[in-house]
Structure formats: structure tokens, C-alpha cells
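Notes to accompany the following structure.
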Amino acid sequence: MTWTGMFSESTRKTTRPTRPRYLPPHMRSPQIGNASFLETGAPELTRPRFYSPQLAQSTRGRGPWLTARRNPNWEDEKFDELEVVDDTLEEANVTNNLEAYDDIPVQASGDNIPPPVKTFSEIDLGDGLKQNIRRCNYIKPTPIQRHAIPIAVAGRDLMACAQTGSGKTAAFCFPIISGVLKDSLSVTRRVGGGSEVACPLALILAPTRELSCQIYEEAKKFAYMTRVQIAVAYGGTSIYHQLRRLERGVDILVATPGRLVDMIERAKVSLGMIKYLALDEADRMLDMGFEPQIRRIVEQMDMPPPGTRQTMLFSATFPDEIQRFASDFLLDYVFLAVGRVGSSTDLIVQRVELVQEMDKRNHLLNLLRTQRSNGTPHSKHALTLVFVETKRGADKLERWLSRNGFSAIAMHGDKVQMEREQALRSFKSGATPILVATDVASRGLDIPHVAHVINFDMPKNIDDYVHRIGRTGRAGKFGLATAFFSDKNLHLAKSLAEVMKESSQEVPTWLIQNAENYSASGRSGWVRHRGVDYGGYDLRKDIASSSTYNDTYAVPAIDGQYAPTFLGSGGDDHWVASDMNLNAAAPPYGYGSVVASGWD
DNA sequence: AAAAAAG
């Protein structure tokens, strides 16, 4: 049996910082003047008053000695060599649409589920990590963190549906770092000098190189000044330097599958000592393209079997069939879903426009021109992310936009890694305020200031749509998502209408009409029509014999705040962790501040 | 009929 509950989240103001400080993605650039945004239907292009790029620049590239003289707490400065924001921000944040998101639905199922905590201090994560959590200004755990961390720290396997922006990365990093810290085996005993094999205790896998980097950077912050050694392994760059790094010993390895396999085959890495395995964007990692590789790494190398390692799978979407694959990797796992589709998601305005293929380019130009004339020109603070279907299409659209006066850059898997990273940097910095990307950029990446996501080509499945539009509307900022819907996309009509409806969007009648005519039943080739199935519920519930899972877990009332307001209501509730929800929900959580990139 | 991930 499972329980389902709605929890009240009360938010509160945090103390105003006395000095410029790191600002987490979800708290960056809270929207200001959103009324104009809604009226024009164009992204808010006004430069947020609280952001200070000059200030951010000024601390960059400085040696610790320099900072040390200025500030005795230089460690903290070095710790986040990132964006420094001035403190006027804080206030703007906390006043953001709080009430609408006070109730966060949480569903958990499985045997003997460790109860959630209300604060980080309720769990012994170790002094070093605890200090870093403070350094990160993590005031209060997010819902996914409150639930997932106790489960993970208890050593349980976990399948977690967590909304983007809800603190997923920390939710699996904290328990892993904490576990490594408690491990008595020093890293030097697991790797010798010379060419010995690196034996990490933890492996974190991600579907793209850039996402691996992001997680790596994030984990480094969490492990700052502890003895926990973190390394990253991904393709498209010299393996030599990565191997040299491994020779120094590694506790936690963040990797993409290809390069990892390469290293294992070269006998530079052994998975024999793995105690923790985490798959980020787990449904992607287990989809048709990736599944064989993952299976190879998890089942056919020297990775300890389920039961002797701890496995954690995280994603915002989790279709049934993927849950089935996934359960092969897990033992007696807890299923967790945070967030619900259908709750207010007015932070992302979703528009669908019926555009024929041949008209798309001009339509895009008109859209961008309107956007430009509506407000400040594209800038660091109003980035537009355009998704296309193919790599060639990305290049062609980049050229088309450039020829027509829009500064655009393309990012896709046919570019060499340097170009990919350069494109991303150029976009993030605002130097090239339009990024034309394939799905390489659809998941996990945290790009502040994306005001508008345009699905120039619709993705093949609705999950990707959810992930793509989740690149905007983050950090409590309003976001706009525009979809160019052509007759090639009719199979998506139903699921798209469903997604929009669930996030309180206005669904055009023509779309509803088509949704009825084209119920997503067809299945052909590699196109997987799944209708609306993000897997917001535990697949095991469908299994006839529920005896294995009959431990009911009621959430203890803590200060009256955690008392479920309802339990297992009617069955009509659709529990899903969707990006849209998550975006909407992010600011109200009121985690004070914090979190870093990779907040996804 | 695709994107991603090794070189």
C-alpha cells in the first residue's frame, strides 16, 4: 500500500545577507514587472535591478590571497567563485507567489520508508558537508531533499521523480558525500601510484557531457575542504588529463557512459568498490539509445550487484516501461514523487501555434522581431533557447537567424566539445542571446536568464517537451514557452493538450480538436507514443500482489506542518513530477537561498 | 526518420 499526502509548506523570510553572496539558480533573477510580461505575451526583457554583472566579474579569477586580504573568510569566496549578487535580491525573492505553492504533493511507496526530515540538521551528514551546506546558504531542505535524503542515508535504493529545480542534485549528492565521509577506507588505499586502477566508491551517471560537468562542479562545492575526492569523465576531450586525475585517487566519479566504459576497458577504473550508484535523468539513461550501455556498466562490469550497492535514480519524468528496466537495478526500493501536474504553473506561459513546416522560419523571425520591439533587445537577461530536431537543422537555423540580424549560435552533438562548451558559454553570458540547440540541451542544464523557450520543431515525445520548456521559468521568474505545432506533430496533440491542461494553460480549440482525432495510439519505428505518461506513480502499484509493499507510511506531523491534508484521494489525482510544476514551485519553497547550478 | 554517448 502506499500513501499519498499533501503537505503544507510554509515559507519564511530569511535574514538579509550583509555582503554580496552566491545566488542559486532557482533564486536568481526573480521576475519583476511580470504584468507587462503577461500582457505582451513576450518574455520580460527588463534587466533585473538586483543583478550586478560588474560585481560578479570583479571577484572572478582572483587568487585566494587577494580575497583573503579583503575578507578573512576567503574560503567562502573561493568556495563559490561564481556569481555574486547584491543583497537587494533577497527581498524580491521571498515575496514571489508564495501562497500558491504552499502545498506540495508528495507520494512515497515501498517498505518501511524512512520518514522525511524538516531540517538538514536532523540528519547526521558529517561536519564537513554540513559546513558546506551552510556555505551554500542552504537554509531549508526542499521537499525532494526532505524526503529523499533520509531514505538515501538509511541506505535504501530509491527511484525519485523530482521536479526540475527542486534540488535533485543535492538530494543524491549529500547522502553520497556523507556516506563517503563516513567510510573508513581512505582514497589512497584504493589507488596506488603509477598505473593502478582507480576504485571510486560512488558513480554518478548523466546523459550529456555538459550535464556531467555541471554535476561535477556542484558536487565539488558540496565536498569542498573535505577529504572527498571527486573526478569527472566524459568524452570529446583528452582522456589523458582525466586519467591523470584518477591516478590521484577518486571517491566519487561523475561520468557519461561512453568515456567511462573506455576507462574501464583500459583498466584505469574499476567499479568493484562502488557503494553508491546514481543515475541522473534516469529515464533518459534507460531509454532505447542508452539502455544497452547502462546495462553493460551496471550489470556486465565489476559493479557490485543490487543489495551490495545503493542505487538511486532521479528524473522529472519516469515512464512505465523505463520503471520496469530500472527495477532491475534496484532492490527493495522506495518510490518517491514530488510535485503534481495540475497545480498552478503560471510561471511558465505555454503557447502553441499552428505553423506549417515551410512557414516556420518566417514565423520565428516575426516572433523574435516582436519580442525585440516589445522590450529591451536580447541581453544577458533575456535569453531565447530555440529547440530544433536535427543537428543540421540547428546549423541552418543559426545561419538563417544570423543573416537576418539575430545573434544566434548553435549547439549540437556534431560540434566538437570545445565548440559545444563555447556555444553554451556564449549563450549564458548573453554574448549570443539566442541558442539553437538539439536535445543535447534539453535536460538538466541550468541556464539562468532563459526567458523564452521556442520549440521550433516539436520533440518526438512529450517528456522531452516537459524537459525542454523547463529550461525557462526557473528561479521564480516568469518564462514563456512557444511551440510551433505542425501537421507532423498531430500524434502529440493529445499529450500536449493534456500537459497544458494540467499546468493550467489555455489550450487552443484546434489542439483539443486534434487531440480527439489523433489519440496517440500509433506506434511506429523509433517514435514512441506514450500519450501522457510521465510515470508519476509507482509502477509496482499495478502489480496484483501488493503484499510486499503493504507498509503504510504516514508522515508524522511536525509542528503541524507535515500533516497530510488528504490521503489517497479518489484516484483521479495525477501525481507527476513535471518541470512545469517545478518551475512554479521553486520560489515558494522559500529555501532561503541557495543551491547551486545543477539545481535540477 | 534522431539526439545522445568513445575515438
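Numbered from 1 within each chain, the chains take letters A, B, ... in sequence-line order. These numbers come from the heavy atoms of this one structure, side chains and all, not from hydrogens, waters or symmetry mates.
Phosphate proximity of B:dA4 to A:Arg209: absent, as no side-chain N or O sits under 4.0 Å from OP1 or OP2. Applying the 4.0 Å criterion to OP1 and OP2 of B:dA1, one finds that A:Thr390 has every side-chain N and O outside that range. For the pair A:Thr256 and B:dA6, the criterion of a side-chain N or O lying under 4.0 Å from OP1 or OP2 is met. Here A:Arg420 reaches the OP1 or OP2 of B:dA5: one of its side-chain N or O atoms lies under 4.0 Å away. Here A:Lys391 reaches the OP1 or OP2 of B:dA4: one of its side-chain N or O atoms lies under 4.0 Å away.
Rounded to whole Å, the distance from CG on A:Leu445 to P on B:dA4 is 12 Å. In this structure, A:Lys415 places its NZ atom 16 Å from C1' of B:dA3, rounding to the nearest Å. Rounded to an integer number of Å, the gap from NE2 of A:His491 to C1' of B:dA1 is 12 Å. Computed from coordinates, the A:Asp414 CG to B:dA2 P distance equals 12 Å when rounded to whole Å. One interatomic measurement links the two molecules: CE of A:Met285 to C1' of B:dA5, which rounds to 9 Å at whole-angstrom precision. As rounded to whole Å, 18 Å separates atom P of B:dA5 from atom CD1 of A:Ile204. Atom pair A:Lys460:NZ and B:dA1:P shows a separation of 12 Å (rounding to whole Å applied). A:Glu265 places its CD atom 13 Å from the C1' atom of B:dA5, with the value rounded to the nearest Å.
Ion pairing between a basic and an acidic side chain is recognised when a charged N comes within 4.0 Å of a carboxylate O; A:Asp395 and A:Arg392 show no such pairing. For A:Glu281 and A:Lys168, the salt-bridge test passes: some basic side-chain N is under 4.0 Å from an acidic carboxylate O. A:Glu265 and A:Arg296 are joined by a salt bridge, as a carboxylate oxygen and a charged side-chain nitrogen come within less than 4.0 angstrom of each other.
Below the 3.5 angstrom threshold, one finds no donor paired with an acceptor across the side chain of A:Glu389 and the base of B:dA2.
When distances are taken from the side chain of A:Thr208 to each of B:dA6, B:dA2, B:dA5, the shortest belongs to B:dA5. Listed nucleotides B:dA6, B:dA2, B:dA3 differ in distance to A:Tyr234; the shortest reach to its side chain belongs to B:dA6.
Within the nucleic acid shown, A:Gly289 comes within 4.0 Å of at least one base atom, counting heavy atoms only.
Residues A:Lys460 and A:Asp439 are not in side-chain contact: their nearest non-hydrogen atoms beyond the backbone lie 4.5 Å or more apart.
Below 30°, between 30° and 60°, or above 60°: for A:His363 and A:Phe484 the angle between ring planes is above 60°, a perpendicular geometry.
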